[in-house]
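In what follows, chains carry the letters A, B, and so on, assigned in the order in which the sequence lines appear, proteins first and then strands, with residues in each chain numbered from 1.
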Amino acid sequence: MTKFSDLNLSPKVLKAVEEAGYETPTPIQEGAIPPALEGKDVLGIAQTGTGKTASFTLPMITKLARGRARARMPRSLVLCPTRELAAQVAENFDTYSKHVKLTKALLIGGVSFKEQDTLIDKGVDVLIATPGRLLDHFERGKLLLTGIEIMVVDEADRMLDMGFIPDIERIFSLTPFTRQTLFFSATMAPEIERITNTFLSAPARIEVARQASASETIEQAAMVFRPSRKDREGSEKRRMLRDLIDAEGATCTNAIIFCNRKVDVDVVAKSLKKYGYDAAPIHGDLDQSQRTRTLDGFRDGSLRFLVASDVAARGLDIPSVSHVFNFDVPSHAEDYIHRIGRTGRAGRSGKAITICTPRDEKYFDAVERLLQKAIPRIGNPKAPEPEAAQVPAPTAAPALTAAPAPVAAPAPVRESAEEQPRRSTSRRSEKPAPRSEKPAQRNNESRAPRDSNRGSDRRGGRDSNVVGLGDHLPEFIALSFDERRAS
DNA sequence: AAAAAAC
């Protein structure tokens, strides 16, 4: 069995790895570290929880330990889609570079330029950044990317979702073509494939199966909930959430509660606090210091309930969450997978409970279709009569009547021919487009490079070459983004 | 009906 000591890492890096308590590399680390150390480009297809971050930080530190940084010319660059993710990568560098003299700067939005400028002026070995703030620094003329020896793109598929691809392409074009590129994505959407074909040269390709498919270590349940009156939906749903939490009792050590909208994140967090629950909100409109504080508190166990938008759905490394509650059914089925993937990690068991209103049913159906499995319905924990769930007649607990019979055989993800025209219709266009060879025609008009107009970048080519994830190939991975979104 | 990322 391969050990870290077999991987040719510098002794100082190896020492830090051992001090952190690691001996054996994960598959992505074992696959990516050797080619990265040899100076090759790397294309890593892996998602979070696979040890992906260390698979690029360890070889980077080893390589950067030789040589010194020059003022305003960083030697390496790591791009991340969100601020929290960037901060997480920075921490990873701290952990493994403690015996090496390396300077780094974290360039993210929401904090002042001043400190970041000072660091850049002094010269840094490693720049860890979100695309917006990096380009902002560049445009102010504070930063030169011509000295970049190693560039890392982390969570590329999420960058695509967030409309960052034009930024990424621009940043690539600002770095020397002699750079080494390490590129990571959980999936290989057509647009990602195009980028890698353009900017990587003869990459070593490492694919890693996802840890466990959603169904294996996570117990899932859906609470079908019908409000008694439309204007009471919010408050009744919040009460339902408290009931669900209470019903889990002590087994619920901590939990993330996901809402679809930022306002609801605030409302739910406030409401939980009012009722004596230890809860705090996190979403993109809160200021960065608060986001950081909240996340730190949740990580160290001083905060029990994190109420979150989808900022927290992907990528963040939050160990040991016992429960995930979906206050809303996510409107994109793949987000469900990411959300519930926050629990049941590293072999631990986890539970995910989704509150589903009649309005959410069609999204919930899409989730079940994606999972290719029915999620069991549970009744109101305050009125525990499981049989009642099958009775279609109106009862005192209207929520229960809404529970449909479990889906025995979910419809296959690939629909029949007559449904296909829907799929070539972009989400933005009103009238159904005829099926054609090029489903989502590319936007011809010239765009500002920073325009994050989502959707226009997506190509929904059905014939595109899709790469699997090892043994567990969830059906949705094989579909293009347009196909996945055609609900 | 949304979220994220720049000021």
Exercise for the section: For a side-chain contact (heavy atoms from CB on, under 4.5 Å) with L134(A), tell me which candidate from I108(A), L145(A), I128(A), D167(A) qualifies. Expected result: L145(A)
Fill in the blank from the handout: To the nearest angstrom, the NE2-P distance between H283(A) and dA5(B) comes to 11 Å
Practice task
Select base, sugar-phosphate, or nothing to describe what T130(A) touches, counting heavy atoms under 4.0 Å on all strands.
Solution key: sugar-phosphate
Problem - Protein-nucleotide distance (I168(A), atom CD1; dA5(B), atom P), rounded to Å - result: 14 Å
Exercise for the section: Would you indicate what P330(A) reaches in the nucleic acid, counting non-hydrogen atoms under 4.0 angstrom: base, sugar-phosphate, or nothing? Expected result: nothing
Handout entry: Nearest-Å distance for atom pair CG/C1', residues D136(A) and dA6(B)
Key = 5 Å
Practice task
Measure the acute angle between the ring planes of F56(A) and F184(A), then classify it against the limits of 30° and 60° as parallel, tilted or perpendicular.
Solution key: tilted
Practice task
Give the rounded distance in Å between these two atoms: CG of D154(A) and C1' of dA4(B).
Solution key: 16 Å
Exercise for the section: State which residues pass side chain to side chain donor-acceptor pair (under 3.5 Å) with T294(A); sequence neighbours excluded, sorted by chain then number. Expected result: none
Fill in the blank from the handout: note: H332(A), atom NE2; dA2(B), atom C1'; distance rounded to Å ~ 8 Å
Handout entry: Nearest-angstrom distance from the residue atom CD1 of I282(A) to P of dA2(B)
Key = 20 Å
Exercise for the section: Using a cut-off of strictly less than 4.0 Å, decide whether R291(A) has a side-chain nitrogen or oxygen near OP1 or OP2 of dA4(B). Expected result: no
Practice task
Go through the structure and list residues passing salt bridge (Lys or Arg N to Asp or Glu O under 4.0 Å) with R232(A), not counting sequence neighbours.
Solution key: none
Practice task
Take the protein atom CG of N326(A) and the nucleotide atom P of dA2(B), then report the distance between them rounded to whole Å.
Solution key: 18 Å
Practice task
Let me know the distance between CD of E334(A) and C1' of dA2(B), rounded to the nearest Å.
Solution key: 13 Å
Practice task
Check every strand shown and say whether R140(A) touches a base, only sugar-phosphate, or nothing at a heavy-atom separation below 4.0 Å.
Solution key: nothing
